[in-house]
Every structure is written in structure tokens, then in C-alpha cells.
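Heads up: the structure comes next, in C-alpha cells.
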Number of protein chains: 2
Amino acid sequence: MEGSTPRGRTRIQKEKREVILEAALEVFSTNGFRGSTIDQIAEAAGMSKPNLLYYFRRKEDIHETLMHRLLDTWLAPLKELDDIGDPMTELRSYIRRKLEMARDFPRESRLFANEILQGAPRIMAMLEGELKTLVDEKVEVIRGWMRAGKVAKADPWHLIFAIWATTQHYADFDVQVRAVLGPDRGGDGRFEDAARFLEQLFLEGLKPKAN
Amino acid sequence: MEGSTPRGRTRIQKEKREVILEAALEVFSTNGFRGSTIDQIAEAAGMSKPNLLYYFRRKEDIHETLMHRLLDTWLAPLKELDDIGDPMTELRSYIRRKLEMARDFPRESRLFANEILQGAPRIMAMLEGELKTLVDEKVEVIRGWMRAGKVAKADPWHLIFAIWATTQHYADFDVQVRAVLGPDRGGDGRFEDAARFLEQLFLEGLKPKAN
DNA sequence: CAATTTTTTGACCGATTGGACAAACGTTAG
DNA sequence: CTAACGTTTGTCCAATCGGTCAAAAAATTG
């Protein structure tokens, strides 16, 4: 009985689907969608290919499920950007949260980056819909702060892009960051260094203080 | 006669190799290495697969040639960062040049991003060698500016990362940028808006002017 | 022209791919 | 025990992959 793909009915199904998604995240995020094979995912999940296909009937279904889950996590920090509290503190918190996500969920970041890089064929609708709506909303919040003189006037859209770019860089380009920093500076401390730098950059910029 | 791969001897060989590289840049930058097929490249180059393989014997050879060419172009702006001239002007010029590259060579940027995202298996040596050396050198230049009080004190490595991230974002995440900006704001003017914003960000930050 | 070399292609090959399927295995309920 | 259901796997398949090869077609040379 029960339709095609087993819906997370039994306990075992929920568990196995979880194992598969975890394995698929690892594989997809390092090889991209087309560069990953079902066999790779099955092996990483510790099961046979047909067994994996019993839980997800197509390779794309795994990717789609993964992507949908990711998006909620991914947009959460921006959703939290609220009009209550001090504007500059809010912005600083947002930057810190995004940087923590790059540190704690680098695979998710790379999965997302892979998708966007290749033209976002599978999530274009979401970018133009849900994401754009959310950004438009937060742009208005930031604009309010700027009008009130709480934040320097600047393009709010590109401000958001800059925050995304600088924070996600530490997940997506991690290999390059570590290679350039070298063994001594490239250790665990790099995220704290980055946090300090980004805070200064976004708050005060680089122009030397008027002595 | 002549070794395996035809070296750019005849005029026709140089031309065809150029056509292939142009087509491969298009294909590789949108699909990644593993996601691209020789057939795709051959079709984009307007020739048959065996004919393409007559000029480049392996798929990897095309990618390698492309990558080597790219790197020179890619590092050029950083190499130009010189100790002569006003420091803040130099930094502003560097940001502008990098943004222009994102605008004029988005495929090259995405090709590079694809490689890094997947762990840089083919250019790791270059990252740890040539790139690191160049960055270390420029870090010293920037440090000198900071010691001289010409630039606010900050971590020079992360400053460079921030410039890379914010500028390349407009090439690598172009789809997302355009989707979020929408049809009206997402037109050709987005690079000028970005340039204005980035200049303000890196020079003055976002803290409101002390009124 | 004819001889030689370079360029192009159709046909083909073994390996890998995503996926189908039925049979086997395990588990639980009566 | 047995029947029923959920789970797992070995085997197979058609499509696609990177790459080979010999022979045809152009171009070049004398």
C-alpha cells in the first residue's frame, strides 16, 4: 500500500531519509548536482543504490528536498532583522549571524552557491518570489533607518548583497581563504578575525580617523 | 609529423583552438567541469567531437589551458596595486577594476568560482604558491599605509577578501542579484549602483555622520 | 597535375550513469 | 506457524560519457 515514495511514515523511513539527506548534502555541496552520482550518495549513506532509490525515487528529488529545507535555514537571519532595537546593532547582529552560518553550515552555503552559479535552474521561481519579497521588505526597514539618520544613506539592496558576499565568502571560498592565509593564520581563528574586520568595515570603513 | 597535440603551428590550428577555448569557457562556466560534456563544447564550437579532440586530446587539457590563461588576467588588478600614489585612491581604483572585471568577464569569474567551490583540485598548488606570494606582498604594502596613518588600521588579508567577495559577487551570483533587484533596478545600471555603494562602504562605512 | 600532409568525420568501444524490477530478506500480527 | 507488509539487494537496461580509429575530405606542397 501507500503511494510511490514512502512518506515519512514509519520511524525507520524518517531516519533513513535523514541519513540520505545528510550524505547527499556532503556529496552535492562538493561536486555540484551533475557532478554527483547516486552511487556516491548511497555509499556515503552506507546503503545500496537501489535501497536509496526506495526512499527517493529520483536523484532530483533528493536535491529538491535538500534545497527546500536549506532555504528556510538560509533566510532565517534576514527574517530576524527587525525594526526594534538600535539599527546599527541590528545590522551588526545580522552580519555576525550570517558569518556564524558560514562557519557552522559551510556545506549548505556551497550547495546554494553551486545552484546559483549554474543559473539557479531549480530555484529561480523562489528567488524572484519569496526571496525578492523578503528583501524588498527589509530594504524598506533599512530605508527607514537611513531616513531617520540612524544609518548612513546608501543603497540598501547593495548593502544586503555586500553582507551576503563578504560572509558567504568564508564558506564558499574556504579553500582559497585557507590557502592564502597559510597554516599559521588560516586556523580556527580566521572567523574571529573576519568578524572583527567586517564589523569595522561596515561600521566605519577604511578612511583614517581625522587625527 | 609533430607531437601528439598539434602545437599552435599553422594559422588554422591557432584559430580553431581559440574557437574551442571560447566555447569551452561558455560551457564550463555554466556547468562546471564534471557537468560539462565534450559534445556540448564541440557543438558550441561548431565542430564534431572527434574534430575537437584533434586539437585537445583530453577534456582536462581544455580546462587546464583555460585556467592557466584565466589566472594571469585574474591577478592583474591586484598586481597593479602599487605603493605609488595616494593609498585611498589606490584602494578605490582596485575595487573599481575588480568590479569592472566582474562586469566584463563574468564567465571567467564563474569558471574560477566553480573551481574553488569544488575544492580547487586543479589549482591548489597555484593558490598556495603564486597567489599567496602575491597577496603576502600586497598585504605588506597595505600595512605600510596603515602604519603611516593613510588607511585605518584593519586586517589587510580580510580587507582583500572583502574586496574579492563584494566585487565577484556581481558575476558569480548575477542571477540572484538580478532576481532580487527586479526588472526595473536590475538593468545595466546595477554595476554603477554597486560601484557607488562599494566606494562608500569601503571608504566611510555605514555609521551615520556625527551631526 | 600528383604526392603528401593536415583536417574532418562516421562508426565504434568500454565505462559510467540514472533508474527499473523482481526476488529475497526481515519484521510483525494474528 | 503463516500471511502480510516493509525493507534490502543483485541483476539488468538504455542512455550517455570520454575517447579511439581508420578512412574520407581539404589543404598544401612540389
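Letters A, B, ... are given to chains in the order of the sequence lines, protein chains preceding strands, and every chain is numbered from 1. Below, each value reflects all heavy atoms present in this structure, side chains not excepted, and no hydrogens, waters or symmetry copies.
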**Report entry** B/R17 CZ to C/dT6 C1', straight-line distance once rounded to whole Å
**Finding:** 15 Å

Query - Over 12 non-hydrogen atoms of neighbours within 6.0 angstrom of CG in B/D188 - result: no

Requested in this report: Flag this pair as yes if the NZ/CZ of B/R92 is under 6.0 angstrom from the six-membered ring centre of B/F202 and inside a 45 degree cone about the axis; otherwise no.
Outcome: no

Query raised in the report: At under 4.0 Å, does any side-chain N or O of B/N51 touch on OP1 or OP2 of C/dT9?
Result: yes

Report task. Ignoring backbone atoms, test whether B/Y55 places a side-chain nitrogen or oxygen under 4.0 Å from the OP1 or OP2 oxygen of C/dT8. Result -> yes

Query raised in the report: Quick one: the side chain of B/K49 and the base of D/dG19, do they pair up donor-acceptor inside 3.5 Å?
Result: yes

Query raised in the report: Among C/dT8, C/dG18, C/dA11, which nucleotide sits nearest the side chain of A/D39?
Result: C/dG18

Requested in this report: Answer yes or no: does a side-chain N or O of A/Y54 lie under 4.0 Å from OP1 or OP2 of D/dT7?
Outcome: yes

Query - Nucleotide of D/dG19, C/dT17, D/dT9 approaching B/R34 most closely (side-chain heavy atoms) - result: C/dT17

Query raised in the report: Do B/E137 and B/K79 sit within salt-bridge range, that is, some charged N less than 4.0 Å from a carboxylate O?
Result: no

Query raised in the report: Of B/T37 and A/P50, whose nearest nucleotide on DNA chain D comes first from the 5' end?
Result: A/P50

Query raised in the report: Can you tell me how far the CG atom of A/L52 sits from the CG atom of A/D39, to the nearest 0.5 Å?
Result: 9.5 Å

Query - Residues which pass salt bridge (Lys or Arg N to Asp or Glu O under 4.0 Å) with A/D155, listed by chain and number, not counting sequence neighbours - result: B/R185

Query raised in the report: What integer distance in Å separates B/I41:CD1 from D/dG18:P?
Result: 8 Å

Query raised in the report: Hey, does A/L53 reach any base, or is it just sugar-phosphate, or nothing, if we go heavy atoms under 4.0 Å?
Result: base

Query raised in the report: Could you state the NZ-P distance from A/K59 to C/dG19, rounded to the nearest angstrom?
Result: 8 Å

Requested in this report: Could you check how far CZ of A/F56 sits from P of D/dT8, rounded to whole Å?
Outcome: 14 Å

Query raised in the report: Could you give the CG-to-P distance, from B/D61 to D/dG19, as a whole number of Å?
Result: 8 Å

Report task. Please determine if a side-chain N or O atom of B/Q13 lies less than 4.0 Å away from the OP1 or OP2 oxygen of C/dT6. Result -> no

**Report entry** Protein-nucleotide distance (B/I62, atom CD1; D/dG18, atom C1'), rounded to Å
**Finding:** 11 Å

**Report entry** Whole-Å distance separating the CZ atom of A/R58 from the C1' atom of C/dT17
**Finding:** 16 Å

Query raised in the report: What's the CD-C1' distance between B/E43 and C/dT8, to the nearest Å?
Result: 17 Å

